[in-house]
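Note sheet for the following structure.
Since this is a predicted model, take the numbers as computed values, not measurements. Convention: sequence-line order gives letters A, B, ...; per-chain numbering from 1.
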Amino acid sequence: MSGNGNGHAYKVVLGYGTCGIAAGATAVKEALEQEVESGGYDVDLDIAGCMGLCFKEPVVEIFDRDGCSVVYGDITAKKVPQLLEEHVGKGQVIEDWVVKKSEDPNACDGDFLANQLRVVLRNCGKINPESIEEYIEIGGYEAARKALTSMTPEEVIDEVSTSGIRGRGGAGFPTGTKWGFARKSPGDEKYLICNADEGDPGAFMDRSVLEGDPHTVLEGMILAGFAIGARQGYIYCRAEYPLALKRLDIAIEECHQKGFLGENIFGSDWSFDVKVKKGAGAFVCGEETAMMASIEGQRGMPKPRPPFPANSGLWGKPTNINNVETFAAIPWIIAEGGEKYADIGTEKSKGTKVFCLAGKVRRTGLAEVPMGYTLRQVIFDVGGGIAGGREFKAVQMGGPSGGCLPAEKLDTQVDYDQITAAGAIIGSGGMIVADNRTCMVDLARYFLSFTQDESCGKCTPCRIGTKRMLEILERICEGKGEPEDIEKLQILAGDIKDASLCALGGTAPNPVLTTLRYFKDEYEDHILNHKCAAGSCPALITLYIDAETCTGCAACVKVCPTDAITGEKKEPHVIDAEACIRCKMCLSRCPSESIIAE
Amino acid sequence: MEQIKVEIDGLACEAPKGSTILDIARANGIDIPTLCYDPRLSPYGACRLCLVEVEGARALLPACCAKADDGMVIQTTNEKLERIRKTLVELLVSDHPMECQGCSKSGRCELQRLADKYGITESSFTGEVHEYDLHRENPFVMRDYNKCIMCGRCIRICREVQGVGVYDFVNRGFKAVPGTPYDRPMQETPCEFCGQCISTCPTGAIKARPYEDFGRVAALDMLRNACAYFKMPEEDMMKALGLESWVTRTTCAYCGCGCQLDIHVIDNKIVEITSPVMVGSGQGNLCVKGRFGYDFVSSSERLTRPLIKKKGKFEEAEWDEALSLVAKKLGDTKKKSGPDSIGVLSSARATNEDNYLIQKFARAVIGTNNVDHCARL
Amino acid sequence: MDDIETAKAILVIGSNTTECHPIIGLRIKKAVMQNDCKLIVAEPKHIRLCYYADKWLQLKPGTDVALINGMMNVMVEEGLADDPFINDRCECDRYDELKAMLKDYTPEKVSEITGVPADDIREAARTFANADNAAIIYAMGITQHTTGTDNVMTLANLAMMTGNIGKPGTGVNPLRGQNNVQGACDVGALPNVLTGYKPVTDPETREKFEKAWGVKLPEEPGLTATEMMSAAAEGKIKAMYIVGENPMLSDANLHHAEKALKNLDFLVVEDIFLTETAQLADVVLPAASFAEKEGTFSATDRRVQRVRKALDAPGEARPDNEIVADLAKRMGYEMANVEPAAVMDEIASLTPQYGGISHARLDALPDGERLHWPCPDADHPGTPILHTEVFTRGKGWFAPAEWQAPAEQPDKEYPLTLTTGRVLWQYHTGTMTRKSDGINEIDPHGHVWISPDDAEKYGVENGKKAVVTTRRGDIDIEAMVTERVPNGVIFIPFHYVESAANILTNDVVDPVSKVPEFKVSAAKVKAK
Amino acid sequence: MEHECTCSTKFADVDDLRPLEEIIERYGSEKGALIPLLQEAQDAYGYLDEKIMREIAKRAGYQFSQVFGVATFFAQFRLKPIGEYLIKVCHGTACHVAGATQITDEVANQLGIKEGETTPDNKFTLESVMCLGACALAPIMVVGDDTHGKLKPTSIKKVLKHYAGPSGSQASEGDDAE
């Protein structure tokens with residue numbers, strides 16, 4: 001939040017989301033508390049959700065009285081005394097640790113944020129997610145109050161339709177239209193569900209929003225509930241997100257106390273409440289009908305549509321489902337107006353989209369950009385290019401339902417239709433960047449093994465079809481592929497896409513289809529030449545030690561399970577190719593990166 | 001009821017509103033293949049064989065689930081649909097032991113029929129196959145999940161029709177299989193051994209065990225092997241052999257619900273009891289007695305000759321001797337003590353015709369109204 | 001019965017439907033599971049249907065009249081009766097009489113008699129009365145009492161009071177105990193009526209049959225089965241011809257039945273097995289089973305269906321029609337054509353209800369193959385639901401009945417109430433089921449069900465033999481300690497010859513229906 | 001980082017049905033509460049024992065088969081007891097690309113168990129899980145309730161050492177990120 005109105009000289013805010021905690025933020029928090037106490041600093045200590053600067057976690061932002069701030073990254077408990085002493089005590093910025101300065105947004109790694117446009121993430125990292133007061137202070141719940149006291153449900157839906165926002169869960173269905181269906185569906189009892197079962201590996205924006213700004217999501221749900229006529233909302237959240245669940249519980253409790261949830265909210269005659277349902281570990285429950293089955297206490301197996309949830313959903317009643325990111329954008333749309341949102345983005349894809357940058361990119365984290373940015377802008381301008389100076393090979397978008405786009409597609413605009421035309425999908429917004437050490441066949445195999453693992457087993461094409469595809473890919477990775485395997489993959493992929501019951505099966509072949517489209521040569525290399533150019537597939541590589549750089553530290557010798565590495569101390573070692581099982585354990589042990597896989 | 005008009009494969013059809021595409025197609029003689037469909041159950045949409053193309057629809061629709069809308073134009077077959085169906089059957093076959101000869105479902109196995117239709121003897125998509133143990137721990141229901149195609153019909157019929165819930169799917173994905181919790185024998189579940197799961201299983205995964213085990217199978221095996229060999233449905237094979245009457249439709253002799261039975265007889269032995277689906281009061285469902293309780297018909301303890309008690313012991317007699325004796329004794333009693341000194345008990349298990357004759361016998365022949373049956377007991 | 005599924009409320013009383021009539025049980029379950037039907041189960045022991053019930057009224061055996069009167073009291077008090085129906089279709093002064101009698105049956109008082117909480121009675125009454133269409137299903141638990149006739153009348157009162165007659169998913173639906181009880185009654189296998197329930201005392205009826213059969217017919221009603229037994233014991237009945245019945249296991253008070261049959265001068269039994277009864281016979285005639293002959297059965301809902309020959313009878317066994325005809329001939333009476341199809345034609349010609357039913361017509365029907373009688377002529381489609389317009393007798397006749405205690409009450413010496421019935425696995429006297437290997441593997445022998453408290457009280461252990469004694473006799477039987485029976489009540493299925501429950505039962509009968517009181521006897525239990 | 005969390009909670013014994021009764025009571029007759037019931041029962045007992053599931057079925061009005069079907073559908077439910085610390089190695093895409101396989105191998109190697117198994121001293125259970133949503137710190141793993149990010153095979157030994165002592169006596173310094 002801007003400034004620090006409560007009279008302290010400085011406000012110190014610690015990024016305290018799952019990423020930060022995983023990177024050691026708890027120790028930093030304790031150190032901060034201890035130092036502030038013992039050093040007698042005039043400091044207001046606070047926490048915030050994830051700012052999205054995952055690559056620099058733990059992150060500390062220090063505000064002065066004027067609201068100017070400096071963001072420090074890679075803070076450890078050991079660095080805390082120095083940080084407080086220099087910045088708070090002496091008023092001197094420690095330049096080496098700076099990620100971003102408010103007065104010079106592009107300095108250091110600041111362009112990571114400077115190149116973004118934050119609507120959904122507008123409060124993430126700025127406010128304390130465990131305090132409704134901070135959310136209200138920056139205008140939170142005003143949109144809901146306005147809608148419930150001065151708008152009709154139809155007006156709310158119109159505003160959302162005007163914004164042009166499309167469902168951020170992956171399918172990209174226009175949200176206003178979807179709400180319209182649910183509104184028009186007959187019946188007094190309707191349900192609203194927030195899909196927070198963020199299952200796509202590589203996507204974590206929903207977690208970040210729930211951890212960093214849970215009230216935005218609740219406000220979006222209140223608006224949606226009012227719009228469609230639902231009095232009960234559910235948030236179906238993964239159990240793997242304990243912090244998000246905890247903060248949601250706190251936020252809901254705060255809302256009850258404020259009268260924002262429950263009977264006659266905001267003094268209106270509208271009643272709406274929200275319950276959290278914890279997922280139990282099934283990717284397929286991200287599918288609407290499976291999610292509803294799971295909320296009903298059944299195995300999460302999808303049902304054929306029609307009937308669509310808008311007509312017959314939870315307990316057979318009209319039900320509307322949107323994901324976290326969609327709900328998080330709604331309060332902004334109602335507050336700022338749908339047209340303002342529609343001004344952002346491309347003709348058919350409005351607004352902003354949050355991407356999770358991960359993989360071999362230099363700056364990993366959350367990137368919210370206007371629709372219409374090119375992939376190059378996202379990966380290179382925001383993400384800072386490829387880590388370790390390697391070469392960009394592909395970006396995987398949309399998780400197991402998506403595809404891999406090669407370098408020649410880097411200038412594709414990020415927009416539902418263009419990405420789909422290129423062979424991937426926007427999906428939930430995961431972007432995993434691959435460099436030349438990533439094997440595309442192996443990546444396809446990885447995704448297939450994921451969908452196969454997560455298939456519910458109900459329909460034939462998904463249950464057996466993806467299994468057979470996976471088996472073919474495994475054979476290829478093991479060097480046992482046959483030339484006709486590519487055709488078999490193509491037949492299966494096509495039929496599985498057409499015949500599967502739900503989107504999990506229907507999109508499962510996508511990673512294979514796009515890699516076949518752009519990286520067919522890698523498949524052929526594996527099948528015909530028994531080679532994995534990326535040096536990834538164990539059966540197709542040989543490991544050897546570069547005698548010039550090897551220091552003879554013998555770290556590799558200790559980990560080799562087959563004693564295939566020999567050599568005198570301090571002398572270059574060698575790997576016995578016969579004995580080597582290519583487990584690559586040695587590869588990550590080598591301090592001098594002398595072990596080469598080819 | 002409101003009627004809708006649709007076009008299926010160029011044929012104009014009319015049906016009540018709310019009908020599924022499959023309902024309408026079948027009512028009009030258009031065959032859409034299915035595996036997970038049973039008219040007794042709510043539609044499920046898992047096997048995907050009944051996918052059809054509907055003009056203007058974003059995706060292919062499962063005919064078993066999709067309700068037809070007025071004016072729909074539907075294609076149930078074309079190159080794409082048939083290719084998908086062939087792939088689906090090949091996928092199922094790739095995890096199914098195609099040892100039809102020797103499987104007692106041969107000739108009426110729904111998967112076998114489809115494999116024949118698409119000319120599949122082995123799958124081009126080979127890979128891991130399941131190896132489950134054979135379950136034969138109870139006298140009635142035999143389960144061989146290696147033949148299971150995961151249509152879920154057993155689970156659904158047990159829940160939706162029988163209201164019991166012996167099975168559910170266990171695990172998920174490729175590892176999923178219908179089963180009892182912890183693979184417990186069915187006696188340790190609430191199972192009522194109605195055999196509804198047997199009646200709905202489209203393959204040889206769930207079978208009636210009495211008809212597998214008890215030495216009745218030789219002839220049946222030959223028949224079914226012949227069916228498998230000639231790829232002929234059982235009924236056709238029986239017809240070809242001139243044995244039309246081997247299945248007899250009759251009414252169950254147990255409780256009075258009036259279930260229709262198909263008694264399968266070979267060599268004057270009952271080899272299986274089934275019930276025609278969607279026919280009669282049971283709609284194809286039976287109870288343990290109706291499905292498995294007919295051993296008594298061929299019991300070795302059946303009476304085969306008249307018996308006359310002589311000096312406190314029964315001796316076999318000729319019909320003529322026995323009936324003459326009865327006629328004489330009844331006639332003598334009537335003469336001596338009057339017709340009302342004779343009582344006749346008829347049977348609530350005998351047919352209407354027999355009961356009629358028996359009361360007629362009492363009234364017209366003996367001359368007494370002392371005739372009753374165990375209605376009260 | 002097909003329309004049971006459409007009922008919005010069902011009262012199941014005195015019927016363990018899922019075990020004794022499993023397929024009708026399926027219909028009830030479907031109504032509950034798929035059509036939001038409210039199920040009320042009135043039954044002393046916990047039966048499987050209780051799992052599906054909205055309300056389980058665990059009444060003491062033999063208190064059915066009180067319970068139903070209590071429900072009707074609530075309906076009157078709360079204005080839940082269907083007054084337009086009563087005014088339109090029923091005799092109103094009879095209704096006033098009923099109302100007057102019901103005044104005494106307050107839920108509290110009824111609760112004392114039945115052991116069912118008063119509020120449960122109120123709720124059940126409201127549920128039943130408020131449903132659009134509500135059906136009553138009953139079986140032997142209603143009829144096999146000394147007050148069996150009162151029980152049935154009282155249920156009819158309840159149905160009429162709520163207007164639940166003559167529409168789909170309503171009615172008072174008896175479930176017959178055996179496959180063709182309905183048919184046997186329809187075709188005159190009863191001492192007081194000829195086919196189609198025409199009284200033997202009616203001269204016109206007799207004349208019609210005398211003309212058809214060519215003989216003079218007796219005028220006075222004959223003896224019922226239970227009366228015949230008594231008469232046999234007294235020596236008034238001297239000879240009996242028993243076809244396919246096993247009174248030696250099915251009658252109440254078996255010791256009495258045995259004495260009666262042994263007292264006969266001559267007994268001929270016609271059956272498929274050498275039953276307990278056949279063993280007492282002088283001549284035993286081997287009959288063909290249902291699978292070995294042609295004919296028809298009439299199911300419990302008056303559904304007439306074909307029975308067809310599937311295989312040949314073993315050895316020299318012959319179908320009943322041939323045996324009877326042969327016997328008649330030897331006694332000087334020539335029965336014309338006794339081929340089953342011809343016999344059905346004869347029935348049709350003499351029985352208006354069956355007038356349109358013939359084998360040929362049944363065989364020509366597509367799927368379903370059924371005709372519900374009344375089906376007066378060959379073009380009539382049959383009548384699945386009775387009383388849609390008017391009652392058979394015109395206006396509905398309320399028959400108020402006061403509750404009367406069962407003939408035998410528990411006392412100091414016999415402190416428990418014994419009730420009998422069937423289990424899923426077995427059928428009646430076990431003639432058929434106990435010859436099926438699989439069934440005997442699952443259910444090898446009978447049990448006496450006893451509550452854990454009573455088991456402890458009387459020193460009986462689960463799985464161990466117990467001795468059950470009544471004033472009629474005693475049996476040894478394995479105990480099953482279960483919470484499915486309440487304290488003070490024990491249950492024994494009657495299928496098993498080695499532990500025959502009917503040695504224990506009371507042969508006192510309902511004065512009208514002559515049905516013995518199988519469902520209530522005073523008993524005691526001890527460990528063997 | 002520190003380990004104040006409930007990692008070393010002792011689970012209730014499956015013969016003690018009191019915690020379960022409390023859970024069932026709390027959910028009362030709530031429609032569709034089977035999954036939360038199982039989740040809380042697993043939190044209380046560490047895993048879903050047959051006895052516990054039978055009790056849930058009986059008391060909350062489900063078919064036992066349905067309870068078992070649900071319990072075997074969702075990855076979160078365990079039918080076997082687990083060790084004091086559950087180690088979940090993330091195999092999301094980012095972690096996969098960053099070498100999650102080697103992490104699992106190394107943990108397995110260090111503990112001498114296979115995936116899905118528990119160490120003989122009942123200390124650790126090793127599982128592979130799908131994306132934990134901390135992709136930017138890949139590869140990661142969770143021990144008890146603690147998340148460890150940016151792992152390398154070489155750092156595993158150090159991480160495990162923190163938990164290896166007697167119950168509840170972990171080392172105080174816990175910053176494992178490199």
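- Heavy-atom proximity under 4.5 angstrom to chain A picks out D:Glu106, D:Asn109 from residues 106-117 of chain D.
- The residue among A:Phe283, A:Tyr446, A:Phe450 with the most heavy atom pairs within less than 4.5 Å of chain D is A:Tyr446.
- Residue A:Phe447 touches chain D through its side chain alone, counting heavy-atom pairs closer than 4.5 Å.
- Taken to the nearest 0.5 Å, the NE2 atom of D:His91 stands 11.0 Å off from the CG atom of A:Asp453.
- With a 4.5 Å cut-off on non-hydrogen atoms, A:Leu443 touches chain D through its side chain but not through its backbone.
- Residues A:Glu240 and D:Val142 form no side-chain contact, since every pair of their non-hydrogen atoms from C-beta on lies 4.5 Å or further apart.
- Interface check for chain A: of the options D:Ile140, D:Thr101, D:Val70, the most heavy-atom pairs under 4.5 Å are formed by D:Val70.
- For a residue to count as touching a neighbouring chain, one of its non-hydrogen atoms must lie under 4.5 Å from one of that chain's; by this rule A:Lys56 does not touch chain D.
- Listed options A:Gln396, A:Met205, A:Met301, A:Lys278 were ranked by heavy-atom pairs under 4.5 angstrom with chain D; first place goes to A:Lys278.
- Here the closest non-hydrogen pair linking D:Gly92 and A:Pro201 is CA-CB, 3.7 Å.
- Residue D:Ile35 comes nearest to A:Ala280 through the heavy atom pair CG2-CB, 4.0 Å, listed as atom of the first residue, atom of the second, then distance.
- For D:Glu40, no part lies near chain A; criterion is any non-hydrogen pair under 4.5 Å.
- Interface remark: A:Ala358 contributes side-chain atoms only to the contact with chain D (heavy atom separation under 4.5 Å).
- In terms of heavy atoms, A:Ala23 sits closest to D:Leu137 at N-CD1, 4.1 Å.
- A donor-acceptor contact shorter than 3.5 Å is absent between the side chain of D:Gln76 and the backbone of A:Ala239.
- Heavy atoms of A:Cys19 lying under 4.5 Å from chain D belong to its backbone as well as its side chain.
- Contacts of A:Glu454 with chain D are made by side-chain atoms alone, with heavy-atom separations under 4.5 Å and no backbone atom involved.
- With a 6.0 Å radius and a threshold of 12 heavy atoms from other residues, nucleotides or ligands, A:Gln34 has its CD atom at or below the threshold.
- Across all non-hydrogen atoms, the minimal contact from D:Phe73 to A:Gly300 is CZ-O, 3.1 Å.
- For A:Arg238, the part lying near chain D is the side chain, with the backbone staying farther off; criterion is any non-hydrogen pair under 4.5 Å.
- A:Ser294 touches chain D through backbone and side chain together, each having a heavy atom under 4.5 Å away.
- Contact annotation for A:Ala203: only backbone heavy atoms (N, CA, C, O) come within less than 4.5 Å of a heavy atom of chain D.
- For A:Arg299, the parts lying near chain D are the backbone and the side chain together; criterion is any non-hydrogen pair under 4.5 Å.
- For chain D, the nearby part of A:Ile432 is the side chain; its heavy atoms alone come within less than 4.5 Å.
- For the set A:Lys360, A:Arg363, A:Glu198, A:Glu57, the entry with the most heavy-atom pairs within less than 4.5 Å of chain D is A:Lys360.
- Of the listed residues A:Thr364, A:Val28, A:Asp200, A:Thr18, the one with more heavy-atom pairs under 4.5 angstrom with chain D than any other is A:Thr364.
- Counting heavy atoms of neighbouring residues, nucleotides and ligands inside a 6.0 Å radius, atom NZ of D:Lys157 does not exceed 12 of them.
- The neighbour count for A:Arg437 CZ, taken as heavy atoms of other residues, nucleotides or ligands under 6.0 Å away, does not exceed 12.
- Note that NZ of D:Lys31 and CD of A:Glu296 are 8.0 Å apart. Values are rounded to the nearest 0.5 Å.
- Closest non-hydrogen pair, D:Pro36 versus A:Lys277, comes out as CG-NZ, 4.3 Å.
- Residue A:Val284 touches chain D through its side chain alone, counting heavy-atom pairs closer than 4.5 Å.
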Legend entry - Worked verdict on A:Cys285 versus D:Phe74 for side-chain contact (heavy atoms from CB on, under 4.5 Å): CA-CA 10 Å; A:Cys285 287; D:Phe74 293 99; 3.6 Å; yes
